[in-house]
Amino acid sequence: KAGVTQTPRYLIKTRGQQVTLSCSPISGHRSVSWYQQTPGQGLQFLFEYFSETQRNKGNFPGRFSGRQFSNSRSEMNVSTLELGDSALYLCASSLAGSGANVLTFGAGSRLTVL
Amino acid sequence: AQTVTQSQPEMSVQEAETVTLSCTYDTSESDYYLFWYKQPPSRQMILVIRQEAYKQQNATENRFSVNFQKAAKSFSLKISDSQLGDAAMYFCAAFNAGGTSYGKLTFGQGTILTVHP
């Protein structure tokens with residue numbers, strides 16, 4: 001069974017640009033959540049999607065957005081990039097997004113903003 | 001609000017020995033889950049163990065076990081017979097099962113574990 005796949009694995013952008021990251025969940029998993037990991041702030045929750053609906057959102061500015069498609073694949077977008085957006089972005093999938101269903105993480109997308 | 005605190009930024013252990021990583025949490029919910037995740041240098045986050053708050057029995061997974069003290073809001077991880085492959089960053093995380101906390105894990109700051117041969 002394939003795991004959670006995130007693309008691209010590494011990317012470099014400049015301030016002011018925008019970026020789109022992709023996440024393909026484990027087959028059968030309908031919930032996808034996103035986390036930002038930085039040395040200073042640690043791991044922070046961005047948002048969670050289930051059946052194409054955003055059910056929960058963390059405390060991030062509106063520049064961070066996401067969506068989920070009918071096949072459960074998810075994308076997140078960051079517009080008007082800032083230096084502080086440099087981070088490892090982790091995607092996780094689960095069967096239904098509740099605590100009883102364990103989150104399985106992808107390998108992450110490493111974003112560097114210059 | 002929910003908080004998770006790991007007070008040990010770094011720990012080290014000799015191969016084959018036992019090490020305990022500490023974690024405390026704070027939540028106003030009665031129904032929640034606690035997790036330990038491992039993140040090796042590859043950055044892949046891997047589930048180590050899970051504990052349901054309503055269960056009094058401590059969870060165990062092979063060489064990994066937890067000491068769950070609900071009243072003290074403490075959730076420590078014990079690694080027995082440590083192996084070189086256990087070297088990683090370990091994160092304690094909590095999840096509120098109720099309300100609208102879908103998909104939202106709250107993580108501690110992490111503990112870097114070094115295993116010496």
Side-chain angles (χ1 to χ4, degrees), chain A residues 3-6 9-10 23 25-26 29-51 53-60 66 68 72 74 76 87-111, chain B residues 1-10 23 25 27 29-55 59 61 64 68 75 88-112:
Chain A
V4 179
T5 304
Q6 291 189 246
R9 290 293 312 279
Y10 302 91
C23 173
I26 290 172
H29 284 193
R30 298 172 64 189
S31 169
V32 174
S33 50
W34 290 87
Y35 291 79
Q36 182 196 63
Q37 184 176 21
T38 60
Q41 298 299 315
L43 281 150
Q44 293 186 290
F45 172 75
L46 279 157
F47 27 63
E48 187 262 0
Y49 288 88
F50 179 81
S51 292
T53 300
Q54 186 184 90
R55 296 196 297 184
N56 205 354
K57 182 173 167 55
N59 188 25
F60 278 83
Q68 187 181 35
S72 294
S74 177
M76 68 162 283
L88 179 69
Y89 290 88
L90 292 166
C91 165
S93 75
S94 68
L95 282 170
S98 73
N101 294 288
V102 172
L103 271 63
T104 302
F105 285 83
S109 291
R110 168 77 66 186
L111 170 65
Chain B
Q2 187 175 54
T3 60
V4 177
T5 303
Q6 293 178 250
S7 59
Q8 305 155 316
E10 297 183 34
C23 172
Y25 62 92
T27 179
E29 298 290 333
S30 58
D31 188 11
Y32 56 91
Y33 298 81
L34 299 168
F35 304 85
W36 279 97
Y37 278 89
K38 163 185 174 182
Q39 188 178 42
S42 67
R43 293 298 192 177
Q44 179 80 52
M45 195 76 78
I46 301 164
L47 176 70
V48 175
I49 201 164
R50 179 183 81 169
Q51 174 80 42
E52 292 89 343
Y54 61 85
K55 288 187 177 179
E61 286 289 343
F64 299 87
F68 175 45
F75 183 61
M89 175 82 91
Y90 285 80
F91 290 96
C92 179
F95 181 97
N96 284 336
T100 57
S101 298
Y102 305 112
K104 184 179 179 180
L105 278 171
T106 300
F107 286 89
Q109 289 299 99
T111 297
I112 299 172

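Numbers restart at 1 for each chain; the letters A, B, ... are given by sequence-line order, proteins then strands.
Per-residue counts of heavy-atom pairs under 4.5 Å with chain B were compared for A/N56, A/V4, A/V32; the largest is that of A/N56. Across A/G58, A/G108, A/A92, A/A107, the residue that shares the most heavy-atom pairs under 4.5 angstrom with chain B is A/A107.
Neither the backbone nor the side chain of B/Y32 has a heavy atom closer than 4.5 Å to any heavy atom of chain A. Contacts of A/F47 with chain B are absent, with no heavy-atom separation under 4.5 Å from either backbone or side chain. Neither the backbone nor the side chain of B/E52 comes within contact range of chain A; no heavy atom of the residue lies under 4.5 Å from a heavy atom of that chain. Interface remark: B/L47 contributes side-chain atoms only to the contact with chain A (heavy atom separation under 4.5 Å). Contact annotation for A/Q41: only backbone heavy atoms (N, CA, C, O) come within less than 4.5 Å of a heavy atom of chain B.
Across every non-hydrogen atom of B/Q51 and B/A59, the tightest pair is OE1-N, 2.9 Å.
Looking only at atom types and distance, the side chain of B/T111 has no donor-acceptor partner in the side chain of B/E10 under 3.5 Å away. Checking B/Q2 against B/E29 by side-chain atom types alone, no donor-acceptor pair falls below 3.5 Å.
Seen from the ring of A/F50, A/R55 counts as a face-on cation partner, given the 6.0 Å and 45° thresholds.
In this structure, the ring of A/F45 has its center no less than 6.0 angstrom from the ring center of A/F60.
Aromatic ring orientation, A/F105 versus A/Y35: tilted (interplanar angle from 30° to 60°).
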